[in-house]
Visitor: 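One structure is given below, represented as structure tokens, and several questions about it will come after.
Chain A is the first sequence line, chain B the second, and so forth, proteins listed ahead of strands; every chain is numbered from 1.
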Number of protein chains: 2
Amino acid sequence: MANKPCSMTIGALAKAANIGVETIRYYQRRGLVAEPEKPYGSIRRYDEHALARLQFIRTAQWLGFSLDEIGGLLKLQDGTHCDEARALGEQKLTNVRQKITSLRRIELALDGLVKECSAQKDDVKCPLITSIYDGLEKGTSGRK
Amino acid sequence: MANKPCSMTIGALAKAANIGVETIRYYQRRGLVAEPEKPYGSIRRYDEHALARLQFIRTAQWLGFSLDEIGGLLKLQDGTHCDEARALGEQKLTNVRQKITSLRRIELALDGLVKECSAQKDDVKCPLITSIYDGLEKGTSGRK
DNA sequence: TTTGACTCCGTAGTTGACTACGGTAGTAAG
DNA sequence: CTTACTACCGTAGTCAACTACGGAGTCAAA
């Protein structure tokens, strides 16, 4: 479990995480990733923890969490407020489950649409579009 | 197959579609819905076609399409571009499935975290949070 | 006919998540 | 030591999708 010191500049970190430097700085301002100490008259250095955190953020983001929510998730990390952490975790879990349910409905709907689309040959109307028009019974959602 | 004229003001339309008036006007500016003729010195009236289109937009939005993409879908309406529509649908479907997969991984992780957290209440550290970092192998993530 | 709600329209503000700019200061290759 | 990159930092701009504002016109009930 030993690993090299692995200290990088913000540029190298950005490259490693496939994120823009400015974006990292933006996350720092938002408090999502820490700014490491800056040695007097020198430059900040980042390690693989910073990288892991950036990757976490990207993943969570892709999953549909906002940066604010991700901030909440990340607070689970310091472990100092286990109860709070658990509450947050539970909340997120509920949230995640809702998202899964919602996405599954969407999946079903899209799958049906695409299949109908492939099935129809030289019809005048595209079933995908007509179906969207006809409403396809979505969940309890308005938008987003 | 006959239906009443069903002409509404923009306010009534908004209410019927459960959308703000300003949002409708915004869609008009974006070219997603048409502005009906305005009788000299009077007010525009909207029919059930306008309503259908608004619902189409909302549904498509729920399916994960952006307004630009929706504009694209609407241009395919004549039905002669079914293949294109299907391609768009398939793309979204893939996207949705990736999200579901990832969310299920996070669901597992969160579920584990919460359970462990309840199990050992007054420990100094929640030993589990780190596993969010390790546990999320995610797919090919960039973002969004 | 008055009054109050609604329409019209252009423009401007908001939110979330970046992305760019510009000046100064550190760093690394030759 | 010079030169060419970065890094640092604050501030400002962008993009999508709204949302609000203000003033003038229109409609409908009392």
Side-chain angles (χ1 to χ4, degrees), chain A residues 7-47 50-51 53-74 95 141-144, chain B residues 7-47 50 53-74 92 95 141-144:
Chain A
S7 104
M8 343 169 218
T9 65
I10 198 175
L13 176 65
K15 201 157 291 174
N18 195 31
I19 293 182
V21 168
E22 297 302 331
T23 305
I24 293 174
R25 290 190 12 75
Y26 171 68
Y27 290 163
Q28 290 175 337
R29 267 173 265 142
R30 300 260 320 215
L32 293 177
V33 312
E35 270 193 295
E37 304 279 303
K38 183 174 133 183
Y40 279 166
S42 182
I43 261 178
R44 285 177 226 283
R45 294 285 167 171
Y46 299 83
D47 60 11
L51 180 56
R53 182 160 274 216
L54 287 176
Q55 281 160 351
F56 180 92
I57 291 170
R58 280 319 216 203
T59 304
Q61 219 173 11
W62 183 76
L63 291 171
F65 291 98
S66 71
L67 291 186
D68 273 358
E69 287 173 321
I70 292 169
L73 283 175
L74 285 169
N95 197 283
S141 99
R143 62 167 280 264
K144 266 276 143 92
Chain B
S7 103
M8 341 169 220
T9 67
I10 197 174
L13 177 64
K15 200 157 293 175
N18 196 30
I19 294 181
V21 168
E22 296 302 330
T23 305
I24 293 174
R25 289 192 12 79
Y26 171 68
Y27 291 163
Q28 290 175 336
R29 267 174 265 142
R30 299 260 320 215
L32 293 176
V33 312
E35 270 193 295
E37 304 280 303
K38 182 174 132 183
Y40 279 167
S42 181
I43 263 180
R44 284 177 226 284
R45 294 284 167 170
Y46 298 82
D47 60 12
R53 181 159 275 214
L54 286 176
Q55 281 159 352
F56 177 95
I57 292 171
R58 282 316 215 204
T59 303
Q61 228 173 3
W62 176 76
L63 289 170
F65 292 96
S66 71
L67 292 186
D68 272 0
E69 288 172 320
I70 293 169
L73 282 176
L74 285 170
K92 281 296 156 207
N95 200 280
S141 103
R143 64 166 278 264
K144 246 6 161 16

Visitor: CE/B/Met8 to CG/B/Leu13 distance, rounded to the nearest 0.5 angstrom?
Guide: 5.0 Å

Visitor: Nearest 0.5 Å, what's the CD1-CG distance between A/Ile24 and A/Leu32?
Guide: 12.0 Å

Visitor: Would you check if the side chain of B/Asp47 reaches a backbone N or O of B/Ala50 as a donor-acceptor pair within less than 3.5 Å?
Guide: yes

Visitor: Enumerate the salt bridge (charged side-chain N to carboxylate O under 4.0 Å, His left out) contacts for residues 11-20 of chain B, please, sequence neighbours excluded, ordered by first and then second residue.
Guide: none

Visitor: What's the closest nucleotide to the A/Gln61 side chain, out of D/dT19, D/dA17, C/dC18?
Guide: C/dC18

Visitor: Report for the helix from C/dT1-D/dA30 to C/dG30-D/dC1: angle between first-end and last-end helix axes, five pairs each, rounded to 10 degrees.
Guide: 10°

Visitor: What integer distance in Å separates B/Met8:CE from D/dC27:C1'?
Guide: 18 Å

Visitor: Rounded to whole Å, please give me the gap between CD in B/Glu69 and P in D/dA16.
Guide: 12 Å

Visitor: Can you check the B/Ile70 CD1 to D/dC18 P distance for me, whole Å?
Guide: 9 Å

Visitor: So do A/Ile57 and A/Leu74 actually touch side chain to side chain, heavy atoms under 4.5 Å?
Guide: yes

Visitor: Not counting sequence neighbours, which residues clear salt bridge (Lys or Arg N to Asp or Glu O under 4.0 Å) with B/Arg44? List them please.
Guide: B/Glu35

Visitor: Please give, in whole Å, the distance from C/dA17 C1' to A/Tyr26 OH?
Guide: 5 Å

Visitor: How would you list, by chain and number, every residue that makes a side chain to side chain donor-acceptor pair (under 3.5 Å) with B/Arg25, sequence neighbours excluded?
Guide: none

Visitor: Could you pull out the protein-nucleic contacts involving nucleotides 13-15 of chain D (nitrogen or oxygen on both sides, under 3.5 Å)?
Guide:
none

Visitor: A/Ile19 CD1 to C/dT19 P: how many Å, rounded?
Guide: 10 Å

Visitor: Sort me out a list of protein N/O and nucleotides 5-8 of chain C N/O pairs below 3.5 Å, or just none if empty.
Guide:
| from | atom 1 | to | atom 2 | distance (Å) |
| --- | --- | --- | --- | --- |
| C/dT7 | OP1 | B/Thr9 | OG1 | 2.8 |
| C/dT7 | OP1 | B/Gly11 | N | 2.6 |
| C/dC8 | OP1 | B/Arg44 | N | 2.5 |

Visitor: Between A/Tyr27 and C/dC18, does any side-chain N or O lie under 4.0 Å from OP1 or OP2?
Guide: yes

Visitor: Enumerate, atom names and distances included, each donor-acceptor pair closer than 3.5 Å involving a side-chain atom of residues 36-43 of chain A, sequence neighbours excluded.
Guide:
none

Visitor: Using a cut-off of strictly less than 4.0 Å, decide whether B/Arg58 has a side-chain nitrogen or oxygen near OP1 or OP2 of D/dC18.
Guide: yes

Visitor: Tell me the interatomic distance from A/Leu32, atom CG, to C/dG16, atom C1', rounded to whole angstroms.
Guide: 12 Å

Visitor: So, does A/Gln28 get its side chain near the phosphate of C/dC18, meaning an N or O under 4.0 Å from OP1 or OP2?
Guide: no

Visitor: Rounded at 0.5 Å granularity, tell me how far OH in A/Tyr27 sits from CZ in A/Arg58.
Guide: 4.0 Å

Visitor: Check side-chain contact (heavy atoms from CB on, under 4.5 Å) between A/Ala34 and all other residues, then give those that pass, not counting sequence neighbours.
Guide: none

Visitor: With DNA chain C as reference, determine whether B/Arg29 or A/Ser66 sits nearer its 5' end, using the nearest nucleotide of each.
Guide: B/Arg29

Visitor: List the residues meeting side-chain contact (heavy atoms from CB on, under 4.5 Å) with A/Phe65, not counting sequence neighbours, and say none if there are none.
Guide: A/Ala60, A/Leu63, A/Glu69, A/Ile70, A/Leu73, A/Lys92, A/Asn95, A/Val96, A/Lys99, B/Ile106

Visitor: I would like to know whether B/Leu67 and B/Tyr26 meet side chain to side chain contact (heavy atoms under 4.5 Å, CB included); could you show each step before the answer?
Guide: CA-CA 11 Å; B/Leu67 292 186; B/Tyr26 171 68; 3.7 Å; yes

Visitor: If each of B/Gly41 and B/Asp68 is mapped to the nucleotide of DNA chain D with the nearest heavy atom, which maps nearer the 5' terminus, i.e. the 5' end?
Guide: B/Asp68

Visitor: Tell me whether the side-chain N/O atoms of B/Thr23 come closer than 4.0 Å to OP1 or OP2 in D/dT19.
Guide: yes

Visitor: Between D/dC18 atom C1' and B/Ile57 atom CD1, what is the distance in whole Å?
Guide: 13 Å

